[in-house]
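Please read the structure below before turning to the comments.
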Amino acid sequence: VLITGANGFIARRLAPELHSAGLRVEGASRSGAADRRVRPEPGPGGGAHDTSRGSAPESTPIARRDVAQPVSSAFGGPDCPPGFAGVHRASLGESLAPVLAAADHVAAIVHTALASGAGSYEANTAGTLRWLREGREAGVRLQIFLSTLSAGPDALSDYGRSKYNVGQAFVEAGQVVFRLGVVVGNGGMFGKMVESARRSPLIPLLDGGNQPVYVHDAATLMHILRDTVLAGGEGLRGRVWNLQQPEPYPLRQVLAAICKAYGLRRAFVPVPSWAMLAAVRAAEAMPAIHLPVKSANVRGLLQQGRETHPSDYPRFGYSAEPLETLVARAVLESQ
Ligand SMILES: NC(=O)c1ccc[n+]([C@@H]2O[C@H](COP(=O)([O-])OP(=O)(O)OC[C@H]3O[C@@H](n4cnc5c(N)ncnc54)[C@H](OP(=O)(O)O)[C@@H]3O)[C@@H](O)[C@H]2O)c1
């Protein structure tokens, strides 16, 4: 099984799960050495992050590679993240073919890679579609794409539109698409919520924080992904599946649960959406000001707040757990 985005929150949890099920797990990673758990020996140029493009069919150990040479590199052994037999370098936008050749007899790909920042819509959309096509050309039988509940043709965020467009292509190709709610665990979207609660003593709540947040347990997700791989995707192909607990929680309640579980004393400040939008738009009109939030983000959050999503959780035989239980588990993981 090849997992893309090997350093990511979900990939790092999934690899040991698949390995324990008796599968050989290989990873594709953009950064390779960016995470200390994936640590090649220094190359001749000293830099570990090779952004050069192109493809070379052979797999060259990073310790011996020339940094100017685009390679697909495997570095198994103690430097690999747990569960991975090898991790190969590949960024969205580049070819996955050398990785598929080096990983040898890949039966399934789990696509978790997600680019962020400028150009990410193109990287995520065209880049993942290219990897889908290259996987099919290489004879990979099962490809699983991790999408989001905010995916939609009219999503205001690039993220939601890209996820929708890519998900449609996977469905048309007879592959498997999972739309995820917020995976409660030590990283990913939930980890970002914890980090932002840690950063500031004041937590702004748009329109009082009534937006519904769908959550689910990280371990349950890993079991569903493992079982899907083991079953070769049978019964799940050509459809989008919503993986989240059936009942959402208001954003305010999720943030309150985070603050309580992580021992954070924070003040919630309700902000009317019209005031937030006006302030962000005013800042956008001034080139000297760079806010981390754009008006499209605010409108996207409001759009999500109006949407409800039926859950396919019961189809997989898992029942919902209280929010506090999920968050307590995430705290334990982070210790
Ligand atoms: N976590 C959630 O709650 C959640 C909810 C809904 C949907 N999802 C979806 O599930 C997937 C995995 O989520 P996650 O939480 O594990 O995300 P994550 O921790 O951000 O992992 C994504 C990984 O993608 C890789 N990546 C980043 N830029 C890349 C690029 N330009 N080219 C290739 N790879 C790149 C990075 O790993 P390397 O450094 O190894 O390349 C990164 O760690 C994502 O597609 C996300 O949209 C997650």
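Counting begins at 1 with the first residue of the sequence. Heavy-atom basis, side chains included; hydrogens, waters and symmetry copies ignored. These numbers were taken from a predicted model, which means no experiment stands behind them.
- Comment: Glu134 does not engage Arg136 in a salt bridge, judged by the lack of any side-chain N to carboxylate O separation of less than 4.0 angstrom.
- Classification of the Phe316-Phe178 ring pair by plane angle, with boundaries at 30° and 60°, yields perpendicular.
- Surrounding CD of Glu247 are at most 12 heavy atoms belonging to other residues, nucleotides or ligands under 6.0 Å away.
- Under the side-chain contact (heavy atoms from CB on, under 4.5 Å) criterion, Gln335 pairs with Val331, Leu332, sequence neighbours left out.
- For the atom pair Ile3 CD1 and Ile10 CD1, the distance stands at 10.5 Å (nearest 0.5 Å).
- Listed by chain and number, the residues in a salt bridge (Lys or Arg N to Asp or Glu O under 4.0 Å) with Arg239 are Asp312 (sequence neighbours excluded).
- Taking the side chain as every heavy atom from C-beta outward, Val229 and Val110 approach each other to under 4.5 Å.
- Under the side-chain contact (heavy atoms from CB on, under 4.5 Å) criterion, Arg13 pairs with Phe9, Ala218, Ala219, Met222, Glu333, not counting sequence neighbours.
- Checking Ser311 against Gln245 by side-chain atom types alone, no donor-acceptor pair falls below 3.5 Å.
- Inter-residue side-chain proximity for Val177 and Lys163 is flagged as unmet; no heavy-atom pair is nearer than 4.5 Å.
- Rounded to the nearest 0.5 angstrom, Asn124 CG and Tyr159 OH are separated by 9.0 Å.
- You'll find the side chain of Val240 stays beyond 4.5 Å of the side chain of Ser147, heavy atoms only.
- Legend: residues meeting salt bridge (Lys or Arg N to Asp or Glu O under 4.0 Å) with Asp158, ordered by chain and number and at least two apart, are Arg161.
- Residue pairs that meet the side-chain hydrogen bond (donor to acceptor under 3.5 Å, both in side chains) test with at least one member in residues 183-204, sequence neighbours left out, are Glu195-Arg198.
- Not a single salt bridge (Lys or Arg N to Asp or Glu O under 4.0 Å) links Arg299 to another residue, sequence neighbours left out.
- In terms of hydrophobic clustering, with Ile, Leu, Val, Met, Phe, Trp and Tyr side chains grouped at heavy-atom distances under 4.5 Å, Leu221 and Leu114 are assigned to different clusters.
- Both Leu323 and Leu264 belong to a common hydrophobic cluster when Ile, Leu, Val, Met, Phe, Trp and Tyr are linked at side-chain heavy-atom distances under 4.5 angstrom.
- In this structure, Ile144 and Ile109 have side chains that are not in contact, with every pair of non-hydrogen atoms separated by 4.5 Å or more.
- With no hydrogens or angles considered, a side-chain donor-acceptor pair links Thr125 and Ser162 at under 3.5 Å.
- Note: Thr4 OG1 to Leu96 CG = 7.5 Å, rounded to the nearest 0.5 Å.
- Partners of Glu122 under the salt bridge (Lys or Arg N to Asp or Glu O under 4.0 Å) rule, at least two apart in sequence or in another chain, do not exist in this structure.
- A salt bridge is defined here as a Lys NZ or Arg NE, NH1 or NH2 lying under 4.0 Å from an Asp or Glu carboxylate O, and Lys260 with Glu324 fails to meet this definition.
- Leu132 has its side chain within reach of Gln175: a pair of non-hydrogen atoms, C-beta onward, lies under 4.5 Å apart.
- The side-chain hydrogen bond (donor to acceptor under 3.5 Å, both in side chains) contacts involving residues 205-215 comprise Asp207-Ser273, Asn210-Arg252, where partners must be two or more places apart or lie in separate chains.
- Applying the side-chain hydrogen bond (donor to acceptor under 3.5 Å, both in side chains) test to every pair with at least one member in residues 220-233, sequence neighbours left out, gives these pairs: Glu17-Arg226, Asp217-Thr220.
- One hydrophobic cluster, built from ILVMFWY side chains closer than 4.5 Å, holds both Leu251 and Val184.
- Applying the ring pair (Phe, Tyr, Trp, His ring centres under 6.0 Å) rule to pairs touching residues 12-31 yields nothing, sequence neighbours excluded.
- No side-chain donor-acceptor contact under 3.5 Å links Arg141 to the backbone of Ala108.
- Here side-chain hydrogen bond (donor to acceptor under 3.5 Å, both in side chains) pairs that include residues 274-289, with residues two or more places apart or in two chains, are Glu284-Ser295.
- Under the side-chain contact (heavy atoms from CB on, under 4.5 Å) rule, Leu243 has a single partner from Arg315, Arg179, His216, which is His216.
- In the hydrophobic clustering of this structure, Met193 does not group with Leu180; members are Ile, Leu, Val, Met, Phe, Trp, Tyr whose side-chain heavy atoms approach within less than 4.5 Å, directly or through other members.
- Within the 4.5 Å cutoff, side-chain heavy atoms of Tyr318 are placed close to those of Ile224.
- The distance from atom OG1 of Thr112 to atom CG of Leu225, rounded to the nearest 0.5 Å, is 10.0 Å.
- Note that CD of Gln143 and OG1 of Thr128 are 10.5 Å apart. Values are rounded to the nearest 0.5 Å.
- Note on Leu302: it does not cluster hydrophobically with Leu205, by side-chain heavy-atom contacts below 4.5 Å among ILVMFWY residues.
- Annotation: ring pair (Phe, Tyr, Trp, His ring centres under 6.0 Å) contacts involving residues 105-151, sequence neighbours excluded, comprise His111-Phe170, Phe145-Phe170.
- Atom-to-atom distance recorded for Ser334:OG and Tyr262:OH is 4.5 Å, nearest 0.5 angstrom.
- Contact check for Val176 versus Leu142: side-chain heavy atoms found under the 4.5 Å cut-off.
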